[in-house]
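Below is one structure, written out as structure tokens; comments come after it.
Proteins come first, then strands; the chains are lettered A, B, ... in the order of their sequence lines, and each starts at number 1. What you are looking at is a predicted structure, and each value in this text was computed from that prediction instead of being measured.
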Number of protein chains: 2
Amino acid sequence: MDIQLKRGMLDVCVLAAIKDGESYGYKIIKDMSPYITLSESTLYTILKRLENAQMLTVRSAEHGGRLRKYYQITNKGRERIEEFKSEWREVMVMYQFVSKEDSGYD
Amino acid sequence: MDIQLKRGMLDVCVLAAIKDGESYGYKIIKDMSPYITLSESTLYTILKRLENAQMLTVRSAEHGGRLRKYYQITNKGRERIEEFKSEWREVMVMYQFVSKEDSGYD
DNA sequence: ACACAATACTTCGTGATATGATGTATTACA
DNA sequence: TGTAATACATCATATCACGAAGTATTGTGT
């Protein structure tokens with residue numbers, strides 16, 4: 001899939017992946033993999049960005065000797081998801097502009 | 001609208017704007033403006049990119065003392081539109097991933 | 001005659017960001 | 001003993017939308 005087309009959607013997808021309960025990096029990738037492919041470097045970049053934007057909070061916890069970072073969505077994060085849904089209408093306008101056939105009229 | 005969300009769509013929108021007949025920069029912006037807003041700098045960047053990718057051809061012609069560049073879509077450009085439509089399915093998968101409500105199960 | 005809007009295209013710098021490559025470290029398993 | 005899986009981090013790179021600024025002409029209002 002075209003990288004550019006994913007832009008602006010991945011952030012929100014990651015938020016959606018944790019909206020029903022906290023999760024951690026590796027699990028997020030696994031959970032999303034049937035629907036969306038993203039590399040580890042991409043995910044951790046996004047998580048950091050969302051943390052800076054206060055759309056999620058992080059807590060570190062040990063699990064089986066390994067350190068894990070658990071991510072939890074904030075209200076701001078949920079608002080971002082709603083905002084995205086609103087913007088989606090404009091995206092559909094663009095899609096329809098592309099996919100509409102020539103009517104023959106003008 | 002979020003800039004990032006437009007990415008990967010604008011190129012195809014411009015191709016769509018000329019798919020029913022050749023046009024020129026200024027007119028393309030006017031034609032698209034009810035649906036999609038894009039600045040001149042963005043458009044001419046895109047036109048140059050599409051030309052390099054051989055998705056459109058250009059001819060210069062004088063019109064009312066002013067120089068105009070007329071852009072015409074190529075087969076490769078039309079193929080790009082079709083390719084985009086295919087990729088759209090994956091975009092919708094991402095959108096549904098974001099917009100789906102928690103089922104309560106799992 | 002003068003100012004200003006509209007038409008038409010160009011170039012430059014900037015910020016955002018998805019990704020591959022690479023690295024570190026532990027656990028599980030064959 | 002080695003390899004895969006788990007888990008997170010950093011860096012450099014390429015792509016790209018946009019504002020700002022510039023050039024030049026035509027049309028219009030006063």
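Contact record, B:Ile28 with B:Ala17: CG2-CB, 4.1 Å, taken as the closest heavy-atom pair. Residues B:Leu43 and B:Val14 share a closest heavy-atom pair of CD1-CG2, 3.7 Å. Closest non-hydrogen pair, A:Val98 versus B:Ala16, comes out as CA-CB, 3.8 Å. Taking both residues in full, the closest heavy atoms of A:Cys13 and A:Ile36 are given as SG-CD1, 3.6 Å, listed atom of the first, atom of the second, then distance.
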Check against side-chain contact (heavy atoms from CB on, under 4.5 Å), A:Met94 and B:Leu10: CA-CA 8 Å; A:Met94 293 178 78; B:Leu10 285 183; 3.5 Å; yes
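Rounded to whole angstrom, the span from the CD atom of B:Gln4 across to the P atom of C:dT17 amounts to 5 Å. Note: CD1 (B:Ile46) to P (D:dC18) measures 7 Å, nearest angstrom. In this structure, the CE atom of A:Met9 is 13 Å from the P atom of C:dT19, given to the nearest Å. At whole-Å resolution of the value, CG in B:Asp2 and P in C:dA18 are 10 Å apart. B:Tyr70 has its OH atom 14 Å from the P atom of C:dT7, to the nearest Å. Atom pair A:Leu5:CG and C:dT17:P shows a separation of 16 Å (rounding to whole Å applied). Atom CG of A:Asp31 and atom P of D:dA7 are 12 Å apart (whole Å). When the P atom of D:dA7 is taken as reference, atom CD1 of A:Ile29 falls 11 Å away, rounded to whole Å.
Partners of A:Lys27 by salt bridge (Lys or Arg N to Asp or Glu O under 4.0 Å), not counting sequence neighbours, listed by chain and number: A:Asp31. B:Tyr44 pairs by the ring pair (Phe, Tyr, Trp, His ring centres under 6.0 Å) definition with nothing, not counting sequence neighbours. Qualifying side-chain hydrogen bond (donor to acceptor under 3.5 Å, both in side chains) partners for B:Arg89, counting only residues two or more places apart in sequence or in other chains: none. Remark: A:Glu79 engages no residue in a salt bridge (Lys or Arg N to Asp or Glu O under 4.0 Å) (not counting sequence neighbours).
Not a single donor-acceptor pair under 3.5 Å links the side chain of A:Arg7 to the backbone N or O of B:Gly8. In this structure, the side chain of B:Thr37 does not engage the main chain of B:Ser33 through any donor-acceptor pair within 3.5 Å.
A parallel orientation is assigned to the rings of B:Tyr95 and A:Trp88, their planes being inclined by less than 30° (bins at 30° and 60°).
Among the atoms of the strands shown, base atoms are found under 4.0 Å from some heavy atom of B:Arg7. No contact: A:Lys27 has no heavy atom under 4.0 Å from any strand.
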Identify all side-chain donor-acceptor contacts of residues 65-75 of chain B below 3.5 Å with residues at least two apart in sequence or on another chain.
residue : atom : partner : partner atom : Å
B:Arg68 : NH1  : B:His63 : ND1          : 3.4
B:Arg68 : NH1  : B:Tyr70 : OH           : 2.9
B:Arg68 : NH2  : B:Tyr24 : OH           : 3.0
B:Arg68 : NH2  : B:His63 : ND1          : 3.2
B:Thr74 : OG1  : B:Gln54 : O            : 2.9
B:Thr74 : OG1  : B:Met55 : O            : 3.1
B:Thr74 : OG1  : B:Lys76 : N            : 3.4
B:Thr74 : OG1  : B:Gly77 : N            : 3.2

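A:Leu5 has its side chain within reach of B:Phe84: a pair of non-hydrogen atoms, C-beta onward, lies under 4.5 Å apart. A:Met9 is not listed as a side-chain neighbour of A:Val12, based on a closest heavy-atom distance of 4.5 Å or more. Side-chain contact between A:Met32 and A:Leu38: present, with at least one pair of heavy atoms (C-beta onward) separated by less than 4.5 Å.
A cation-pi arrangement is not found for A:Lys6 relative to A:Tyr35, the charged atom failing to lie both closer than 6.0 Å to the ring centre and inside a 45° cone about the ring normal.
The stretch residues 72-79 of chain A does not touch DNA chain D, since none of its heavy atoms comes less than 4.0 Å from the strand. For the segment residues 55-63 of chain B, no residue has any heavy atom less than 4.0 angstrom from an atom of DNA chain D. Non-hydrogen atoms lying under 4.0 Å from DNA chain D are contributed by nothing in residues 83-93 of chain B.
Regarding contacts with the backbone of D:dA7, a side-chain N or O of A:Tyr24 is found under 4.0 angstrom from either OP1 or OP2. Contact annotation: B:Lys6 side-chain N/O to D:dC18 OP1/OP2 distance is under 4.0 Å. Taking 4.0 angstrom as the limit, B:Arg49 places a side-chain polar atom (N or O) nearer than this to OP1 or OP2 of D:dC16.
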Listed pairs, N/O of protein and of nucleotides 27-30 of chain C, under 3.5 Å:
residue : atom : partner : partner atom : Å
C:dT27  : O4'  : A:Arg66 : NH1          : 3.1

Under 3.5 Å between N/O atoms: give me all the protein pairs with nucleotides 9-13 of chain D, atom names plus distance.
residue : atom : partner : partner atom : Å
D:dA9   : OP1  : A:Lys69 : NZ           : 2.6

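In this structure, B:Ile3 stands alone, with no Ile, Leu, Val, Met, Phe, Trp or Tyr side-chain heavy atom under 4.5 Å from its own, directly or through other members.
With C:dA8, D:dA7, D:dC16 as the candidates, the nucleotide lying closest to the side chain of A:Tyr26 is D:dA7. Relative to the side chain of B:Arg68, the nucleotides D:dC16, C:dC9, C:dT19 differ in distance, and C:dC9 lies closest.
Taking five base pairs at each end of the helix from C:dA1-D:dT30 to C:dA30-D:dT1 and finding the rotation axis that steps the C1' atoms of four pairs onto the next four gives two axes whose angle is 10°, to the nearest 10°.
A donor-acceptor pair shorter than 3.5 Å can be found between the side chains of B:Ser39 and B:Thr42.
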